[in-house]
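The structure under discussion is supplied below as structure tokens; questions concerning it will follow.
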Amino acid sequence: MDVNCIGILTSGGDCPGLNAAIRAVAKTTSVQGIGIIGILDGFTGLIENRVMHLGPRELSGLLTLGGTILGTSRNKPHKMPLPDGTYHDMTGAAIENYKRLGLDCLVCLGGGGTQKNAYRLLKQGILNIITLPKTIDNDIWGTDVSFGFDTGMTNACEAIDKLHTTASSHHRIMIVDVMGHNTGWLALSAGLAGGADVILIPEIPYKIENVLNALVERRKSGKRFSIIVVAEGAHVFQADHGSVNEEKNVKKKKKKTNFFPHQIPLSEKLATIIETEIGIETRVTTLGYLQRGGVPTPADRLIATRLGTKAGECILSQQFGVMMAVRGPDIVPVPLEEVAGKKKTVPEEHPLIKTAERLGVSLGVGA
Ligand code: F6P
């Protein structure tokens, strides 16, 4: 088989570095005469046959551009929302359009959900698929890091830096609500880089009394302000239930109301408890989508470019059914079958956890 034409789509939440990755895939393949078609708005564009031409003009100036020129959506081929609120399996339409467009490979740039959806399509046995890992959450299994994470961490850290000066001036406690879905990579990394005093992540359910103790101790030592970084998916340990799995509760709610973890104001509740229990003025800042916006950092441009060019190489050597992954100094293709449906959480013994402990940063556990 010759590879003459490939399609590329971006799916899931956007993040900086997507355009840099599109550019890298296109540059690597177009020099070999392969045509490239941009598929709009994730898998929706594949199902509805909405595409754009990706020629030299469209591919120019992409390296530093945030977001995605292709648009994105969270829609899944096997579960497409219909106007009447029901869902329909449109896998057949996706396959038909792949054929109609004359594609020899579909490149999917996305997070954990996209890896799963790409694998579902792959299992149909008709499409050649290659994926790239993107997300500010850094929770994609099989890769040391995903592009978007460094920019998300930088954006969150810059915000924490700014909150430091106002926290210090007003002698307040600042709670910074950080994204990360159900993992703590973003909160832990940005929190450590920003010098947070307390960091709460989903992998380590916290006890309110430990947080309060840490804040009181800090004040006693003469520090008149504190910074608490809370991951959106963090949850409270409750003695009667063990760890309360906030994620499960959220999933239940999400089905009914389309809730996402960051929309539940856990940090607001925490602020109220702090003010009531220890009487220190507390403010909450939810960073939200600011973390996902703007120009990719040089590190993200580099990872996106390396992952994209490796994807190009795999296309040329016709190695399909793989996700490009960062492993130490290398970029390696990992079978999608191994990646799909898994999540990379922060291990209890991770060096970042150890670093936090050595620094005396409270994780809301312990005495
Ligand atoms: O996966 C990236 C992310 O920004 C998460 O951190 C967050 O939970 C989620 O997306 C927000 O999703 P949406 O863009 O659909 O509101």
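Numbers here simply count residues along the sequence, with the first being 1. Note that ligands are numbered from 1 as they come in the structure, with each ligand's atoms numbered from 1 the same way.
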Look at ligand 1 and say whether G180 reaches it with a heavy atom at a distance under 4.0 Å.
->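 Contact check G180 vs ligand 1: positive.
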
Heavy-atom side-chain contact between I136 and T151 under 4.5 Å =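 No, side chains not in contact.
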
Near E232, which atoms of ligand 1 are under 4.0 Å from a heavy atom of that residue?
->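 With E232 as reference, the close atoms of ligand 1 come out as 5 (C), 6 (O), 7 (C), 8 (O).
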
Give a yes/no verdict on a cation-pi contact between R301 and F147, requiring under 6.0 Å between NZ or CZ and the six-membered ring centre and an angle within 45° of the axis.
->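 Not flagged: R301 not positioned over aromatic ring of F147.
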
Go through the side-chain N and O atoms of S73 and T44 and say whether any donor and acceptor fall under 3.5 Å apart.
->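 Yes, side-chain donor-acceptor contact under 3.5 Å.
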
Numbering as shown, the atoms of ligand 1 that approach H181 to under 4.0 Å (heavy-atom distance) |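 Contacts of ligand 1 toward H181, numbered from 1: 6 (O), 8 (O).
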
Without hydrogens or angle criteria, can the side chains of T131 and Q115 be said to hold a donor-acceptor pair below 3.5 Å?
->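 Distance-only check passes for T131 and Q115.
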
